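The structure appears right after this line, and notes come after that.
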Number of protein chains: 2
Amino acid sequence: MTEPDAVPDLPWTVAAFAARTGVPATTLRYWDDEGLLPAHRLDNGHRRYGPDDLPRLEMVRMCQGLGCTMDEVRLVLDAPDPAARARFAAEKLPEVLGRIELLRVAADVLRHVAVCEHTDAASCGAWMRSVLEPPGEGPGLRAG
Amino acid sequence: MTEPDAVPDLPWTVAAFAARTGVPATTLRYWDDEGLLPAHRLDNGHRRYGPDDLPRLEMVRMCQGLGCTMDEVRLVLDAPDPAARARFAAEKLPEVLGRIELLRVAADVLRHVAVCEHTDAASCGAWMRSVLEPPGEGPGLRAG
DNA sequence: GCACACCTTCGAGTTGACTCGAAGTCAAGC
DNA sequence: GCTTGACTTCGAGTCAACTCGAAGGTGTGC
């Protein structure tokens, strides 16, 4: 591919950008349609991407990693007023910190499961305990 | 609700268990059908749950929090041979540790976004940098 | 000037995880 | 015996986020 019709700051077609980023071209088109990662357009309507689009793509990926919906990603990246975005971020932060805590418990469980000899999970007190009573918190279950 | 027809170790109907755990009754039925959280059955076919089902439910929730598919949850909880489960856990662990790292970066970004005055994300170097170059790792983007 | 690769849009299909509705069963209370 | 309400199954519907296919436009090489 000789990158036909190269525009100075927009060197990549959708296929080239897909190859470069690992995001399928179909998905890039979808993200463009949904406003998640708007493409630049040539006169003929073809999409073009440039280096400036890379950080935004990485932000989209990160937000998805946070479990954000596409609406939330748009809110973070394009909130018309910064206050709304800041509010969203402030609300999301404790959730993310909670997720980190959950993942730490999960990592402990996985470390044990990787060496556990029990045939069924329920019979192994070691990993049940870590699930039910994460350190530094109350019991994992709402008591009835 | 007087918990009709109470069985010694299986005090809860699907509705009672739903109320107790916060998982909708429809979802409990679905999890039963899919083998994620098998219910005990009375002679009349009605589902019943007991205290022993709580840890497993909590495990299911945790696995879902890890982003596991239902197949993976089943694998963790019911792998016929412990070796397969241990292998899965060993493979999953680095992924979970990576997710923790990602979330830590995300938390930093959120902390900044919560106080950032920039109208659009791309113009704010502070949070772009943290996304693109998480500390202690290479650049967030695959270089072309 | 035509093949061919790549692009476009649009609508429909897929996947995973639910969620709902209909039709029927079961048991307690009057 | 009949109502009432909670239960059953089964099939279909929903939702987000893609993913695919068809029909047609564009542009470069021979």
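Per chain, numbering begins at 1; letters A, B, ... match sequence-line order. Since the model is a prediction, treat every value here as computed from it, not as a measurement.
- Distance B/His46 NE2 to D/dC7 P: 8 Å, rounded to the nearest Å.
- Applying the ring pair (Phe, Tyr, Trp, His ring centres under 6.0 Å) criterion to B/Tyr49, with sequence neighbours excluded, gives B/Phe17.
- A salt bridge does not link A/Asp9 to A/Arg48: none of the charged nitrogens lies less than 4.0 Å from a carboxylate oxygen.
- Partners of B/Glu91 by side-chain contact (heavy atoms from CB on, under 4.5 Å), not counting sequence neighbours, listed by chain and number: B/Arg87.
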- Task: Indicate for each nucleotide in nucleotides 10-22 of chain D, in 5' to 3' sequence, whether protein heavy atoms under 4.0 Å reach the base (B), only the sugar-phosphate (S), or nothing (-).
- Result: -------BBB---
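- Residue B/Arg41 has no polar side-chain atom (N or O) positioned under 4.0 Å from OP1 or OP2 of D/dC7.
- Closest approach to the B/Arg47 side chain among C/dT9, D/dT8, D/dT26 is made by D/dT8 (side chain taken as heavy atoms from C-beta onward).
- Distance, B/Leu28 CG to D/dT8 P: 10 Å, rounded to whole Å.
- OP1 or OP2 of C/dT8 has not a single side-chain nitrogen or oxygen of A/Asn44 nearer than 4.0 Å.
- Applying the side chain to side chain contact (heavy atoms under 4.5 Å, CB included) test between A/Leu103 and each of B/Leu103, B/Leu97, B/Leu102 identifies B/Leu103 as the sole match.
- Taking a cutoff of 4.0 Å between a charged side-chain nitrogen and a carboxylate oxygen, B/Asp108 and B/Arg111 qualify as a salt bridge.
- The existence of a salt bridge linking B/Asp71 and B/Arg74 is confirmed by a sub-4.0 Å separation between a basic side-chain nitrogen and an acidic carboxylate oxygen.
- Atom CZ of A/Arg48 and atom P of D/dT26 are 15 Å apart (whole Å).
- Distance CG (A/Leu42) to C1' (D/dT28): 15 Å, rounded to an integer number of Å.
- For D/dT9, the OP1/OP2 oxygens have no side-chain nitrogen or oxygen of B/Arg29 closer than 4.0 Å.
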